[in-house]
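Quick note: residue numbers are just sequence positions, from 1. Atoms within a ligand are numbered from 1 in the order they appear, just like the ligands themselves.
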Amino acid sequence: MAPSHDDKAVSEVRDGSAAKRPISNILFVIAMQTEASPLVEKFQLTEQPDSVFPEGVSWVRYSGKYNDLNIDIVCPGKDKTLGVDCVGTVSAALLTYASIQALRPDLIINAGTAGGFKAKGASIGDVFLVSDVAFHDRRIPIPVFDLYGVGAREMYSTPNLAKELSLKVCKLSTGDSLDMTPEDEASILANNATVKDMEGAAVAYVADLFKVPAILLKAVTDLIDGEKPTAEEFLQNLASVTSALDQTTTQVVDFISGKCCADL
Ligand code: FMC
């Protein structure tokens with residue numbers, strides 16, 4: 001019997017041949033519409049009305065061709081009742097899962113905003129390439145479950161990308177709150193994170209389940225250890241920081257164009 005599409009994809013990941021094939025399908029997972037819109041415009045993508053997703057979900061997909069790349073941007077969309085973006089790990093994980101199944105990306109990019117620690121060298125508008133992720137709000141004080149809760153994992157290594165674009169590299173800690181309890185703070189410090197978001201480690205978890213290389217780009221909207229209240233600073237800087245993210249993301253896509261994952 002001929003191998004199915006799924007069997008072929010899995011064996012290519014195992015024998016490493018997928019990493020040596022030129023990247024053709026890039027999947028962006030982006031939590032907020034404000035973060036996605038400039039990239040949708042930049043890559044001249046169009047919203048796909050006949051969804052590859054199950055009927056009734058709020059998820060939105062934009063697609064198109066940019067250089068030699070097929071680009072999809074998926075967003076969790078607006079909460080059906082409250083009308084706000086479905087931020088956070090649950091939507092991000094579901095959307096990443098469904099998108100991998102439907103679109104078979106060669107590479108996933110999760111681009112978004114984050115809080116940064118100025119004590120660790122972060123400034124407003126910095127865009128970081130993430131080297132490692134972990135969770136800071138999954139406390140399970142039972143041996144081994146504690147490590148599972150933290151869920152630390154290294155991201156796909158992209159030394160050439162980091163070097164060529166002189167990207168700042170740091171660790172990311174993910175949790176489902178914009179604010180931070182003292183317990184979260186201790187855990188973020190233990191994770192040695194410079195930035196904190198609400199989706200990155202969830203996207204990385206799902207990408208890892210299916211062995212799809214993933215890159216995380218995080219732009220700093222607010223300083224967690226600064227003077228201003230987080231929510232206020234986040235909203236104030238969202239638009240300007242998103243344009244910095246947009247610039248770096250375009251450079252990353254231009255760098256990726258024509259390369260294999262192994263060259264990144
Ligand atoms: N803490 C956690 N998340 C964020 C943050 C912070 N200080 N600043 N910006 C974010 C990101 C999250 O990943 C969400 O998608 C959104 O912006 C805030 O709801």
* Rounded to the nearest 0.5 Å, how far does CG of Asp184 lie from NZ of Lys196? -> 7.0 Å
* Return each pair, listed once, that meets ring pair (Phe, Tyr, Trp, His ring centres under 6.0 Å) where at least one residue sits in residues 137-181; pairs must be two or more places apart or across chains. => none
* Answer yes if Met180 and Val220 sit in the same cluster of Ile, Leu, Val, Met, Phe, Trp and Tyr residues linked by side chain heavy atoms under 4.5 Å apart, and no otherwise. => no
* Ignoring hydrogens and angles, state whether a donor on the side chain of Asp68 or Ser257 is under 3.5 Å from an acceptor on the partner side chain. => yes
* Asked: Which parts of the protein, at residue level, reach under 4.0 Å of ligand 1 through a heavy atom?
  -> Ala31, Met32, Val87, Thr113, Ala114, Gly115, Ser177, Leu178, Lys196, Asp197, Met198, Glu199, Thr221, Asp222, Thr230, Phe234
* **Tyr97/Phe210 aromatic ring centres below 6.0 Å** => yes
* Would you check if there is a donor-acceptor pair between the side chains of Thr174 and Asp197 at a distance under 3.5 Å? => yes
